[in-house]
Asker: 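Input: one structure, supplied below.
Model, not experiment: these values are computed from the prediction. Indexing begins at 1, ligand by ligand and atom by atom, following the structure's order.
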Amino acid sequence: MLGDKILAMLKDEISQIEYERYIKNLSFDEEASKVDQAVFNAPNLFIANWVKTKYKEKLQQLFELETGIETEVIIRSSKKSVQKIQKQMASQPPSNTSTKINPTYTFENFVVGSSNQFAYSAAESVAKKPGVTYNPLFIYGGVGLGKTHLLHAIGNYNIKQNRVVIYATIEQFMNDFTYHLRNKTIEKFREKYRDCDILLIDDIQFLSGKERTQEEFFHTFNELHNEHKQIVLTSDKPPKKIAGLEERLKSRFEWGLIADIQPPELETKIAIIKKKCELNGINLDDEIVNYLAANMDSNIREIEGVILKLNAYSTLVNQQITMDLAKNVLGEQKREQQKNISLKDIVDVVSSELNIKPSEIKSRSRNRQIVNARRIVIYLARTLTPNSMPQLAQFFGMKDHTSVSHAMKKVKEMIEQDENFKLKIEELAHKIKSHASSEE
Ligand code: ADP
Ligand code: MG
C-alpha cells in the first residue's frame, strides 16, 4: 500500500530509535485517504502530535515525490488511551467514607513557604489543641492554593487522636439539611453535625444568599462554640467580602483567627512540584521542574494535572520525561484550556457575577458599572482566548483595536493597584474556565 511504502521510505531517513518510537506505531488509513490526502492513525495524542510537528512535512514531500501529486498528510489519534491512563493515575487512594477525608492531605505532605506559612501554622496549632487556641479558624485564599489540603490535614491529625471529626463542604451541609428537613429527621442532621470534636466546613462562601441554611448553620456554630468544640472554615474570600451573608455570621467568623493563603512564590512552587513527584513516584529533571514552575500559574491543582499527564505520556511511549515532552504537554494543556472558552462564556459569567445584562456588555452605554464590566470582559477575553485585539474590537462593536488596548491597560492598572480587584479577576477567570469545561 502507498502509505506503508512512504513510511518505509521515511524509515531510511531517520534514526532507528525515532522510527521504533513513533513511526512504527502509525497505521495508514486507506479508507479515509483520498488521492491528495493521506490519513494515518496514531495510537495516542502524544504520538500524533509528535509526528505532526516533526515528520508531517517530510511525509508530504515523500508523497509528492512518489506520486507527483501534492498531498496533505493528516495524523489522527485516539485520545482515549491517554485519558484512561491519566484517570488511573489521578484516582486518589480510597478515603474513609464516614469522614471523607483524604489520607494523603497531611501536614507532612504540605510544603510550607512564605505564601502559606501563616495559614499552615494556624492550622497546625488548632489541630494540636482543638477548641483552645483560635475558634473558629477561618482560612481563605484563591483556587488551588491548598485550603482543602490544610482542612484535611487538621482532620487526619485528629482522627489519629481518636477525636470525632466531621468534614463537609458547605454544599453537602446544605444538601443534608434539606434532605433531613424534607424527611422530618432534622434531629438526625443536628446530631451528625453537633456530636463532634471538630467541624471542618469547606468553601463556606457558597452560603451566600442561602438564608435557611445560614440560620441552621448559625445554630450549629453557636452550639459547638459554646462547648469549646473546634470549628474550621475555608472560603475564597474573607468573611467581610462574602456578599449575601448575614452580619451575625460574618462577625462570628471573625471571632477567632483569619488566615490567608497567597499564591506561592517560585521557590515554593518548585518545592511543591518536587513533593508531588516524590509522592507519585515520578522522576523529573530539575530543569523540567523549574520550567513547569516558571511557566504555569499558581493553581497547584493544575500543576499537578500537568505532572500526571506528563507521566501518563511517558509511560505510554515508554520514554523518559524530556524537556521536549514537557513543553509539548504544557502547550497542549494551554491550547485545550483556551479552545474551550468562548467569548459568550466570558460575557455570560461576568455579567451574571456583576449583576448586569449580557446585552449591556455589547451596548454603547457609558454607565460606570457597565463600562467597568465591559473592560473586564475584554481583559479576560484577551487573556483567556486566542482572539487578537482587532478580532475583539469587532466582536464588541468597537471602532478599532485601540479601544481594546485602552481597556486592557485600565484593567492591568487596577490589578496592580487593588489587591481585591485582582482577586476578583482571578475568581472570574476561574469561574469562566469551569463554566466552559462543564459545557462540554
Ligand atoms: P483549594 O482548596 O485551596 O482550592 P486544594 O487544597 O484542593 O486547593 O489544593 C489543590 C492541590 O494542590 C491539592 O492536591 C493539594 O495537595 C495541592 N497543594 C496546594 N498547596 C500545597 C502545598 N503547599 N504543598 C503541597 N501540596 C499543595
Ligand atoms: Mg478546596
Asker: For the pair Lys424 and Asp418, find out whether any cationic side-chain nitrogen is under 4.0 Å from an anionic carboxylate oxygen.
Answerer: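 The answer is no: the pair does not qualify as a salt bridge.
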
Asker: Under a heavy-atom criterion of less than 4.0 Å, does Gly144 contact ligand 1?
Answerer: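 Yes; Gly144 lies near enough to ligand 1 that a heavy-atom distance drops under 4.0 Å.
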
Asker: For His149, counting its heavy atoms only, list the atoms of ligand 1 lying under 4.0 Å from any of them.
Answerer: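 Within the 4.0 Å cut-off of His149, ligand 1 contributes 6 (O), 15 (C), 16 (O), 26 (N).
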
Asker: Look at Arg194 together with Glu216 and state whether they make a salt bridge at an N to O cut-off of under 4.0 Å.
Answerer: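 Salt bridge flag = yes for Glu216 with Arg194.
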
Asker: Compute the shortest N/O to N/O distance between Val111 and ligand 1 and return yes if it is under 3.5 Å, no if not.
Answerer: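 Looking only at distances, the answer is yes, because the N/O contact criterion of under 3.5 Å is met.
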
Asker: Between Gln117 and Ser121, is there a side-chain donor-acceptor contact under 3.5 Å, judged purely by atom types and distance?
Answerer: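 Yes, side-chain donor-acceptor contact under 3.5 Å.
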
Asker: Thinking salt bridges, do Glu416 and Lys422 make one under a 4.0 Å N-O criterion?
Answerer: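 Salt bridge between Glu416 and Lys422, a charged N being under 4.0 Å from a carboxylate O: no.
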
Asker: Of all the heavy atoms in Gly113, does at least one lie under 4.0 Å from an atom in ligand 1?
Answerer: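 Contact check Gly113 vs ligand 1: negative.
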
Asker: If the cut-off is 4.0 Å to any non-hydrogen atom of Asn109, which atoms of ligand 1 fall inside it?
Answerer: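 Near Asn109, the atoms of ligand 1 are 24 (N), 25 (C).
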
Asker: Tell me, please, if Thr234 has any N/O/S atom, main chain or side chain, under 2.8 Å from the Mg ion (ligand 2)?
Answerer: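 No, Thr234 does not qualify, because none of its backbone or side-chain N, O or S atoms lies under 2.8 Å.
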
Asker: For ligand 1, which atoms sit closer than 4.0 Å to a heavy atom of Asn116?
Answerer: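 Counting from 1, the qualifying ligand atoms are 23 (N).
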
Asker: Do side-chain atoms of Arg374 reach the backbone of Ser363 as a donor and acceptor pair under 3.5 angstrom?
Answerer: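 Indeed, once roles are kept as given, a pair shorter than 3.5 Å links the two residues.
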
Asker: Tell me if the aromatic rings of Tyr193 and Phe221 count as close, with their centers under 6.0 Å from one another.
Answerer: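 For Tyr193 and Phe221, the ring centres are not under 6.0 Å apart.
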
Asker: Nearest heavy atom to atom 26 (N) of ligand 1 wins, so pick from Lys275, Glu304, Lys276, Arg301.
Answerer: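 Heavy atom nearest to atom 26 (N) of ligand 1 belongs to Lys276.
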
Asker: Judging by distance only, is a nitrogen or oxygen of Ile300 under 3.5 angstrom from one on ligand 1?
Answerer: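 No; the residue has no nitrogen or oxygen that sits under 3.5 Å from a nitrogen or oxygen of the ligand.
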
Asker: Which one holds for Ile272 and ligand 1: side chain close, backbone close, both close, or neither close, with close meaning a heavy atom under 4.0 Å?
Answerer: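 Near ligand 1, Ile272 shows its side chain, while the N, CA, C and O stay back.
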
Asker: Going by an N to O cut-off under 4.0 Å, is there a salt bridge joining Glu304 and Arg301?
Answerer: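 A salt bridge is absent here (no side-chain N lies under 4.0 Å from a carboxylate O).
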
Asker: At less than 4.0 angstrom from any non-hydrogen atom of Gly146, what atoms of ligand 1 do you find?
Answerer: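 Close to Gly146: 1 (P), 3 (O), 5 (P), 6 (O), 8 (O), 9 (O), 19 (C), 20 (N).
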
Asker: Would you call Lys128 and Glu124 a salt bridge, taking side-chain N to carboxylate O under 4.0 Å as the test?
Answerer: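 Salt bridge flag = yes for Glu124 with Lys128.
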
Asker: Numbering the atoms of ligand 1 from 1, which are under 4.0 Å from a heavy atom of Gly142?
Answerer: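 Under 4.0 Å from Gly142, ligand 1 has these atoms: 3 (O).
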
